[in-house]
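Below, chains carry the letters A, B, ... as their sequence lines are ordered, and counting in each starts from 1. Below, all heavy atoms of this structure are taken into account, side chains as well, without hydrogens, waters or symmetry copies.
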Amino acid sequence: MKEFPAETYALPFFKQEGFIRKQCPKCGEHFWTQDANQEYCGESSSDECGCYTFLKDPPTKKRFTLPEMREAFLSFFEKQGHTRIKPYPVVARWRSDIYLTHASIIDFQPYVTEGIAPPPANPLVISQPSIRLTDISNTGPTFGRHLTIFEMGGAHAFNYPDKEIYWKDETVRYHHEFATKVLGIKSEEVIYKEGVWVGGGNAGPDVECIVRGLEVGTLVFMQYKVVGDEFVELPIRTVDTGYGIDRFAWISQGVPSCFQAIYGDLLDKVLDMANIAKVDDEFLFRIAKFSGLVSVDKMANRLVTRRRVSELSGIDLATIDKVLIPIENAWAVTDHTKTLSFMLSEGVVPSNIQEGYLARMLFRRVYRLLRNLNMNIDRLYDIVELQADYWGKDFPQIKAMRDEIVEMLKVEQEKFEDTLKRGEGIVKRIAEDLKGKNTCKISDETLSELYDSHGLPPEIVKEFAEKEGIKVDIPENFFSLVAKRHMQANKLAEDEQTQVEHSLASAVEGLPPTEQLYYTDTYMREFEATILKIINNEFIVLNRTCFYPEGGGQPADHGYFAYDGGVRAEVVDVQKIGKVILHKIKTETLPKIGSTVQGILDWEKRYALMKAHTGTHLINGAARRVLGEHVWQAGTQKGVETTRIDISHYRRLTHAEVHRIETLANEAVLANISVETAWLPRNEAESRYGFRLYQGGAVPGKDIRVVKTGNWDVEACAGTHLRNTGEIGYIKIRSTERVQDGVERLVYSVGMQAVKAVQAQEQLLWTVAEVLNAPLEKLDKTAERLVKELRDANLEKRRLLKELATKESAVASGIGTADVQEEIEGVKLIKRDFGEVTDVNRMVQTANEIIKRNNAVVTLFYGADGKTARIMIMAGDVAVAKGVNASDVVKFAAPVFGGGGGGRPNFAQGGGTKLEKLKEAVQVAEETIKRQISH
RNA sequence: GGGCUGGUAGUUCAGUUGGCAUGAACGCUUGACUUGCACUCAAGAGGUCGGGGGUUCAAAUCCCCCCCAGUCCA
C-alpha cells in the first residue's frame, strides 16, 4: 500500500497540544498521543495492540443513548458553522455503481465531490444510516464492532481551488473538541493513528481515532483519484469524516456489546423470545474485553481467534461456544432485522437482482439464524414490529411502511420455504442415487452446484443429507469453489459509443451551456439560433434549442434545421454532454459557424412523447396507490407507439390490479390535472417532497426540476410534459410481464395509439368470433365448449383405436385373412400390410394386443402413405428367446427402401422414402426373421 | 448485467447411445375387505412431454429462438 510522508500528519494541532509521534511496536504503525507512557497504538485488533478498557468504566462524562449521541454530534458541528442535513436514503438510488449507502460521503458522490453540483451546504453535518453487508459474518462475533447497519456521523467540507473551507488541522481539532469537551473524554485518552484510505476510486491520508481500544472515528482527507497505480490530485479536496455514532454510544455506556448500547430493551425482548435466559453480563464482559481480536473471515480463522479469546479470558472454549453462540445469533438477528426494515421501508423488494438480492440474502440469513435459535419464524414479524416502533420516531418511514414490510417478508418467507422444500427433495434423490452406487458422501462438486443452482447452503444440505444417512463434509474453501464456477464469464470491453462520447466531451469543452428552450416553453415547435460549433461534420452546437436531448427514458427529438435560404438538414439525434446540447444532422451542405439556423421540431413525435411521459407519471402514481408505497420506478422507456415502465413489486400483477391501475390513471387523465414544473433548490425540493422524487435516479445540479402532477405524483424529472393531464386523452395498458423476480413491467399506449391498441384487440376478438362462428358475447362459452368437445373427441379416438386394435388382433390370432401367417419352429410370424396407415401408434397397439395373447409371435407390420414408408416389428418373449432381434431386422431391411431404423430386440421401427422398394424391404425383413429363428 | 438448474399425469418425479409414455409413487374414481391414525387388495380414469422452428425414416431426448419458474454472483 502507498504511504504518505510523515509531514502529512504533522499537524499544528498535535504540536500545540503536546502530542508525540510514536511507532507501535506491534502493528508497526505510527500514532500520536499525549501520553508519554503510551507504548502501543492501543487499537484492539488481531495484532493485539490493546484491548477494550471502556467496559464497565466509560471514559465519557455521562451515558449517551444512540439518539442522544447523534444529537450531541450534530449540534456540536452545527455550533461550528456546519449546516445540518437530513439523512439520505440507505438505498443509493442516485448511483449506478453501488446499491446501498455505506458511508455519509456516498450522499455527495459523484456530483459534489467531482464538482458537477455544489453541495447542499458547505461545510455540512449529517448522521447517515449506512449499510455494509461485507461485514455480515462479523456481525455478532465482534460484539457489535461490526454492524450491517450503523449511523455514520459525517462532518464534511468541500474545498474548491478558489474557496477553502477547512482542511486537516481543523478537522482533527473538531474531533478532539467533540471527544473531550462534548463527551468529556480525557484528552490523553484519544489516540490518533496515521493511515491511508482508499475507496471508491479515491484516496488520501486519514487519521483514525482510538479511544480505549476502539476505533470510534476515521478522519479522511480525500484528495486523490486513483488511476492505475497512481494517485492523481483532485481539484476538490474533501474532508470526509466518519464518526461511529453507535461506537461512541457504546463506549459512553460501557456495556459489554454495542448491541446493548444501540437496542436497549428491544434487545432484551429478542433474547427473551429466543429463550435465552438472563444473560450474565460478567461473563460477557470477560469476553468482550478481548472481542476486538475477533474478526471472522473464514470458519478456520474464527476458531483460531476464539481459542485466543479463550486463553486471554480464561474461559474454556466449550463454554464460550455454548453460551456465546446463541447470544451472537440473537444479536445478529436484531441487527439484520433493522437493516431489512430500513431497506424495505425504502421500497427495496426482495428479488434475485441488485439491491433486492441483498435483501433476500439478508432475509435468508435471518431465517437460518432463527432456526439455529430454535425460534418460530413468525417471531421475525414480532421483531420487525418492535424495530418499527423503536426506530419509527427518528425514521418515520419505517413505522409508516410497517405493514408493507411485514407483507413483503411473508412473501419472501413463502418463497424460501418453497426453495427449501424443493431442495430437500433434490437432496433426497441425490442421496438415493448415491446409495445405489454404494457411495455415502456428497461430492464437493455436487455441493457447490446445489448452492449455486438451487440456493441450498451447504449446512442445510448437510442437514437434509444426514437424515438420509449420507455424509457431507463442507470443504473449507467452499465459497471459492462456488466462485470458480463463475470464472468463465468475462465482460466485453467498453463499447465504441463510450469512446465517441469521450471525444465529444473534449470537443464541447469551453462552450457555453446551451439555452434549453424546451423548458421555457414545452410547446415551442420552432426557433432561431446561432451556430456555435460543428463537430466532426455531423454534430451541431447552437446557442439555444428546443430539441430535447435523449434522457430520462425520453428519446431525442427529431426534426430539421433550415438555413442558407432553403437548405435542410435532418436532425436525427440529440444528446446532451455536460451542459451542451449536440444535434446530430444529416445533410449535404453544412451551415457556417456563426450563421443563424431555423429549427423545426417533428412535433407529432414530440407531442406523442410528451403524452407518454406525463402518462408514465400517472401510471407510476396509480401503481403506487394500488400496490403500495414500496412501488418505485425501476426504469422506463417512452415511445410513440408503446411506452413501458418497470416497477418494483413483490408479486405477479393480477388482471384485476392491472385494471385498477389503468382505471386510476385514466381518472387522473379525466380530472385534467395541471402539471406544474418548477426549478427548486435541491434541499428545498428534498425536504418538501422527500427522496421519492428520485424515481429515475437522482439528478445533478444545485437546483432540480420538479414535475408535480397535482397531488397525484411528484418527481424530479427533466422531461417535457403536458400542461394538463387531459391532453393525454386515454391510457391503455397493453400487457405486463415479469422482468425479474420483484420487477414488473407495464406496457401501455397513450392517446390515439391507445385507441389503436384497443381496436387491435377488438379486431382479434372479431376474427376469433368469425373463425368460431360465434357471436362476440358468447365467445368464452363457445371456446370452452369447443375445447371440451376436442378433449372428448380425443378420448373417443383413443378408445376407438384400442377397440380397433383388439378386434384386429383377434382377427390376426385366428380367423382372419387379412394377415399372412406362417409358423417357423414354434414361432408364429404375422405379416400385415397397413396400407396407407403409417401411424406407429396404431401398429403398436395392435401388435401389443396380439402379443398379449401369444408370446411366441413376431409381428411384421408395414405401411406407406404418400411420402414415407414405415416398418415395425414386435417380438414376444418366446420369440426373442428363440433368437429374434427386431432391431437387427429393421437395420437390415430399412436401408433397402432408403431409410434407417432401430430399436430393441423386442421392438423396432424403421422408415424410408423409396416407397416402391417397400415390398422388397419387407421380404428382406421376413427372410432375416426366419434366419434368426432357425439359427 | 453475467452464469447455472429445471419445465413429462392433479402433485412429486423416472425416462440410458434419438426407436413402445404397456411410465413410478402419491392423489382421484369404482368395487371388495376392513371400520383406529398415510388401512389393505383389485380394477379404472388421467399426457398437445412449456411454446415455436430445424435436423431425421423417426425427437420428451440433438440444434436454434421464445416463454415460464428457481438459483448464484456483480
*Would you check, one step at a time, whether the test side chain to side chain donor-acceptor pair (under 3.5 Å) holds for R734(A) with S749(A)?*
CA-CA 7 Å; R734(A) 304 173 70 133; S749(A) 294; 3.0 Å; yes
_Return whichever of R422(A) or I426(A) has its heavy-atom-nearest nucleotide of RNA chain B closer to the 5' end._
I426(A)
*Could you check G902(A) against G898(A) and say which one's nearest nucleotide on RNA chain B is further toward the 5' end?*
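This one resolves to G902(A).
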Return the nearest nucleotide to the side chain of [X]; candidates are [options].
{"X": "K415(A)", "options": "rG70(B), rC57(B), rA14(B)", "result": "rG70(B)"}
{"X": "H454(A)", "options": "rG70(B), rU5(B), rA58(B)", "result": "rU5(B)"}
{"X": "F907(A)", "options": "rG19(B), rA14(B), rU71(B)", "result": "rG19(B)"}
{"X": "Y99(A)", "options": "rA74(B), rC57(B), rG70(B)", "result": "rA74(B)"}
{"X": "Y451(A)", "options": "rC72(B), rA14(B), rG19(B)", "result": "rC72(B)"}
{"X": "E449(A)", "options": "rG70(B), rU12(B), rU5(B)", "result": "rU5(B)"}
{"X": "T913(A)", "options": "rC57(B), rC72(B), rG19(B)", "result": "rC57(B)"}
{"X": "R429(A)", "options": "rU71(B), rG3(B), rC13(B)", "result": "rC13(B)"}
{"X": "D452(A)", "options": "rG3(B), rC57(B), rU71(B)", "result": "rG3(B)"}

Using whole Å, what does the distance between atom [atom2] of nucleotide [N] and atom [atom1] of [X] come to?
{"X": "E414(A)", "N": "rA69(B)", "atom1": "CD", "atom2": "P", "result": "15 Å"}
{"X": "N352(A)", "N": "rA74(B)", "atom1": "CG", "atom2": "P", "result": "14 Å"}
{"X": "K421(A)", "N": "rG6(B)", "atom1": "NZ", "atom2": "P", "result": "21 Å"}
{"X": "L133(A)", "N": "rC72(B)", "atom1": "CG", "atom2": "P", "result": "15 Å"}
{"X": "L447(A)", "N": "rC72(B)", "atom1": "CG", "atom2": "C1'", "result": "14 Å"}
{"X": "I460(A)", "N": "rU71(B)", "atom1": "CD1", "atom2": "P", "result": "13 Å"}
{"X": "R651(A)", "N": "rA69(B)", "atom1": "CZ", "atom2": "P", "result": "15 Å"}
{"X": "L450(A)", "N": "rG6(B)", "atom1": "CG", "atom2": "C1'", "result": "13 Å"}

Distance between the [atom1] atoms of [N] and [M], in whole angstroms?
{"N": "rG10(B)", "M": "rC62(B)", "atom1": "C1'", "result": "31 Å"}
{"N": "rA38(B)", "M": "rG19(B)", "atom1": "C1'", "result": "40 Å"}
{"N": "rA43(B)", "M": "rG36(B)", "atom1": "C1'", "result": "27 Å"}

*Hey, could you give me each pair passing ring pair (Phe, Tyr, Trp, His ring centres under 6.0 Å) that has a residue in residues 425-463 of chain A? Not counting sequence neighbours.*
Y451(A)-F478(A), Y451(A)-F479(A)
Nucleotide opposite [N] in a Watson-Crick or G-U pair, distances under 3.5 Å:
{"N": "rG1(B)", "answer": "rC73(B)"}
{"N": "rC26(B)", "answer": "rG10(B)"}
{"N": "rU48(B)", "answer": "none"}
{"N": "rU16(B)", "answer": "none"}
{"N": "rU35(B)", "answer": "none"}
{"N": "rA60(B)", "answer": "none"}
{"N": "rU55(B)", "answer": "none"}

*asked:* Check this for me: does any side-chain nitrogen of one of E463(A) and R371(A) sit under 4.0 Å from a carboxylate oxygen of the other?
replied: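 Salt bridge between E463(A) and R371(A), a charged N being under 4.0 Å from a carboxylate O: yes.
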How is [X] classified with respect to the nucleic acid when contacts are heavy atoms under 4.0 Å: base, sugar-phosphate, or nothing?
{"X": "D418(A)", "answer": "nothing"}
{"X": "G455(A)", "answer": "sugar-phosphate"}
{"X": "G900(A)", "answer": "base"}

*Shortest non-hydrogen contact from M408(A) to L344(A)?*
CE-O, 3.8 Å
_Derivation and outcome, side chain to side chain contact (heavy atoms under 4.5 Å, CB included), residues I426(A) and I430(A)_ = CA-CA 6 Å; I426(A) 295 172; I430(A) 290 173; 3.9 Å; yes
*Could you tell me the separation between the CD1 atom of I871(A) and the CD atom of Q909(A), rounded to the nearest 0.5 Å?*
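Reported value, rounded in 0.5 Å steps: 11.0 Å.
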*To the nearest 0.5 Å, what is the distance between CD1 (I645(A)) and CD (Q695(A))?*
7.5 Å
*Report yes if some heavy atom in the side chain of M874(A) is under 4.5 Å from a heavy atom in the side chain of F861(A); otherwise report no.*
no
_Distance alone, cut at 3.5 Å: any donor-acceptor contact between the side chains of E412(A) and Y367(A)?_
no
Shorter than 3.5 Å, N or O on both sides, protein versus nucleotides 66-68 of chain B: list them out with atom names.
none

Would you be so kind as to tabulate the donor-acceptor pairs closer than 3.5 Å made by side chains of residues 915-927 of chain A, with sequence neighbours excluded?
unit_1, atom_1, unit_2, atom_2, d
K919(A), NZ, D833(A), OD2, 3.4
E926(A), OE1, K831(A), NZ, 2.7
E926(A), OE2, K930(A), NZ, 3.4

